[in-house]
J.: 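Below you'll find the structure I mean.
Residue numbering restarts at 1 for every chain, and letters A, B, ... go by the order of the sequence lines. Just so it is clear, the structure is predicted and the values come from calculations on it, not from any experiment.
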Amino acid sequence: MHKFILRRLAMLIPVLLGVSFIVFSIMDLTPGDPVEMYLGDNYTPEAHAEMTKELGLDKPFIVRYLSYIGNAVQGDFGISYSTKQPVLDEILARFPNTLVLAIAALIFAIVVGIILGTISAAKQNSIFDSMSTFTALIGVSMPNFWFGLMLIIIFAAGLGWFPSSEFSGVKSLVLPAIALGTNSLAIITRMTRSSLLETIRQDYVRTARAKGLKEYKVIIKHALRNAMIPIITISGLQFGFLISGAVVIETVFSWPGIGRLLVEAIQLKDTPIVLSLVLIKAGMFTVINLGTDIMYAFFDPRIRAQYKAKRV
Amino acid sequence: MNRSKLLEIKDLTVEYRTDDEIVYAVNSLNLSLHSGESLGLVGETGAGKSTTALSILQLVADPPGKITSGEILFEGDDLLKAKRDFLRHIRGNKISMIFQDPMTSLNPVYSVGDQIAEVIYLHEKCSKAEAQQKAADMLEMVGIPKDRYDEFPHQFSGGMKQRVVIAMSIACSPKLILADEPTTALDVTIQAQVLELMNDLKVKLNTSLLLITHDLGVVAQVCDRVAIMYAGEIVETGTVEEVFEHPKHPYTIGLFRSIPTLDEKVDRLKPITGQMPDPTNLPSGCKFHPRCPHMNEVCTKMKPAMTNVAGTHIVKCLIHEGKLDPTEIMEEVNYVR
Ligand SMILES: Nc1ncnc2c1ncn2[C@@H]1O[C@H](COP(=O)(O)OP(=O)(O)O)[C@@H](O)[C@H]1O
Ligand SMILES: [Mg+2]
């Protein structure tokens, strides 16, 4: 298992190299002059020439790319063209906020989604089931910025239960996490329901019932545990979306995360920031994938045995 | 023969209702079982054997299955009217069930040992550690070494899995075991081993057994009594000697004839002609009449009643009820194998 994890982490290297190369090329090929942005009001043709040299932008593409990689390996991701601060500092100041928001949204989506999906499946075709199907449909189709605004209007501005934009503590996390997590919640609810409806019909669930177990134990211990694989898969995917899809919610709630940073950086052609953010996201996706695979092994001994047997 | 009745099923009727049709799986079925006795329930696929057994523990899939009427008395209590808690106390503890397919009846994500320990911990007032200890003993009892306790079902062969299921079913020393074709999914040599194991355990633990099978040979090997099921009804029942020596119902006779014997040439095989009736649209009168060699006008109209022909031997056939003109048929029907 340790070997499996190490090997998977080693696969990060080619992934990150590939992604960085593609993003580097795209940023290089798109029109716009970063030096102009960088100089702003201090623009003179001389300053421009000097700065181009200083930033190394006069060198050929491949040299610039390799030197970026060389520096990045040593932990130097360059200087932001727009704020003139080290990129690493900029990102470290923002990324944890995005991560916290995404994790909170994911926990909300998974916990509530599995509970609702399980009740729906256990009471298939009941009123609760129809209601949850209907709610999930709304949850999937509702734009989350609009839902976020509604939450602010009702619970922050109206009832005053939560702060609307102030960034402080757990309380300020509640509304943005709900707004961000609702789409995923709906998806996880549906997935739990359908996966569980599949396992509930299995013979081993009947065996569990024949033992005299209470119905909730039959469902949770025997059916749900077997229904987890697709739920884990979809949750991992959703986590990826939550990290990269927080842009709108971060704007609505004035949440100081990387979502807004990325949009601004693209507009300003701030290549060092864009590159690092994309690399972080690519890295996160790989780590999330690894996390889902480890979860598979946790829930299913057959997968566990495969990992062991292949020594992958 | 005066032992108390452990299980008595009276007029059990079970249907499967889907959108556009009703499957009449079990039709006013009567069956009883004394304690310590082994009863073989025999019939073709689709006769309603599994549904009958599942009804006893109320494990019939609902929807689409519905028990529409009847009583199932276990030690005098009607299980169909029992409270959930009482039923859970019966399940796995007083009555346990071995399902047809060992490949799918164990949960793939728990170790076989823990799956046995679960039922012990549930019904016996003991600690988890004691339950695990007893589960390990149970594994040994069915011939699986203790040290395989922590292995998962996918690491076991079909025969081994069925042993695990058997260990699970005897773990709480039940009064009654319902075994639904416990050997059908296994190959022949394993089949014999499993049957022998069940026979041993039955004697050792003095449990009653309802053994469902479509194999008359298995019945002869394991059972004291036999009930022949056709289209959701019991058509003949009695001790194994009574039914095997003097089969009365034309269907039972057909079943015996369809068994190839070693000295018989294959071209003399006489399988029962015709198909099982469509369970959504059962024949009127005697349900066997479309396939019966002695079919008569009256068979299409009149439902036969249970008729005691000798000792405990009961047949549901209009011939033996005396409703048909005896002269033309009796000789043929009294065919002895
Ligand atoms: N879940 C179900 N839904 C619909 N019909 C069923 C279901 N289970 C069994 N049946 C039908 O009920 C009848 C009796 O089935 P079953 O009790 O399994 O017979 P046996 O065990 O003797 O082969 C068959 O016609 C079968 O098709
Ligand atoms: Mg069956």
Side-chain angles (χ1 to χ4, degrees), chain A residues 1 114 118 120-127 129-130 195-233 293-310, chain B residues 50 53-54 56-64 84-112 114-124 150-155 161 164-165 168-169 171-172 174 177-178 180 185:
Chain A
M1 198 68 194
I114 290 183
T118 303
S120 270
K123 307 234 177 285
Q124 193 191 358
N125 301 331
S126 66
I127 294 183
D129 186 24
S130 326
S195 179
L196 199 54
L197 282 179
E198 194 66 35
T199 54
I200 271 178
R201 276 197 292 264
Q202 298 297 316
D203 286 354
Y204 53 77
V205 171
R206 192 177 56 187
T207 307
R209 219 169 259 139
K211 286 177 174 177
L213 288 170
K214 291 207 162 86
E215 189 60 21
Y216 80 90
K217 271 209 149 172
V218 171
I219 303 268
I220 292 171
K221 194 173 167 195
H222 289 271
L224 186 58
R225 175 94 188 237
N226 276 283
M228 283 312 286
I229 298 294
I231 301 175
I232 293 167
T233 312
D293 284 352
I294 293 172
M295 293 294 278
Y296 289 164
F298 174 76
F299 278 100
D300 193 330
R302 287 164 296 187
I303 296 177
R304 202 147 64 227
Q306 263 176 30
Y307 288 170
K308 278 196 189 125
K310 278 201 230 140
Chain B
S50 298
L54 290 170
I56 297 170
L57 287 177
Q58 281 164 64
L59 292 171
V60 176
D62 174 14
R84 276 165 181 272
D85 284 341
F86 182 74
L87 196 62
R88 278 201 300 268
H89 165 73
I90 297 284
R91 287 177 179 171
N93 187 27
K94 297 280 178 70
I95 305 178
S96 63
M97 186 152 179
I98 300 168
F99 296 100
Q100 183 162 353
D101 189 354
M103 306 310 278
T104 55
S105 49
L106 290 172
N107 192 324
V109 305
Y110 295 108
S111 75
V112 293
D114 283 346
Q115 294 191 54
I116 300 171
E118 184 178 35
V119 70
I120 299 170
Y121 181 71
L122 187 64
H123 293 295
E124 298 188 356
D150 286 321
E151 291 186 15
F152 292 93
H154 72 267
Q155 293 164 287
K161 277 186 203 159
V164 173
V165 173
M168 203 188 286
S169 74
C172 295
I177 295 176
L178 311 172
D180 188 357

J.: Looking at every non-hydrogen atom in both residues, tell me the closest pair between B:His154 and A:Ala305 and how far apart they are.
T.: NE2-CB, 3.9 Å

J.: Any side-chain heavy atom of B:Pro108 sitting closer than 4.5 Å to one from A:Asn226?
T.: yes

J.: State, with a plain yes or no, whether a side-chain heavy atom of B:Met168 is found less than 4.5 Å away from one of A:Thr207.
T.: yes

J.: So for A:Arg201, is it side chain, backbone, both, or neither that comes closer than 4.5 Å to the heavy atoms of chain B?
T.: neither

J.: Restricting to non-hydrogen atoms, name the atom on B:Leu59 and the atom on A:Ala210 that form the minimum distance, rounded to 0.1 Å.
T.: CD1-CB, 3.6 Å

J.: Please state whether the side chain, the backbone, both or neither of B:Leu54 comes within less than 4.5 Å of a heavy atom of chain A.
T.: side chain

J.: Taking side chain as everything from C-beta outward and backbone as N, CA, C, O, which of these in B:Leu122 sits under 4.5 Å from a heavy atom of chain A? Side chain, backbone, both or neither.
T.: side chain

J.: Contact between B:Phe99 and A:Arg206 at the side-chain level, heavy atoms closer than 4.5 Å - yes or no?
T.: yes

J.: As an exercise: rank B:Val109, B:Val119, B:Asn93, B:Ile90 by heavy-atom pairs under 4.5 Å with chain A and give me the winner.
T.: B:Val109

J.: Do the side chains of A:Lys221 and B:Glu118 get nearer than 4.5 Å, heavy atoms only?
T.: yes

J.: As an exercise, state the distance from CZ of A:Arg209 to CG of B:Leu87, rounded to the nearest 0.5 Å.
T.: 11.5 Å

J.: Could you look at B:Gln115 and say if it's the side chain, the backbone, both or neither that has a heavy atom under 4.5 Å from chain A?
T.: both

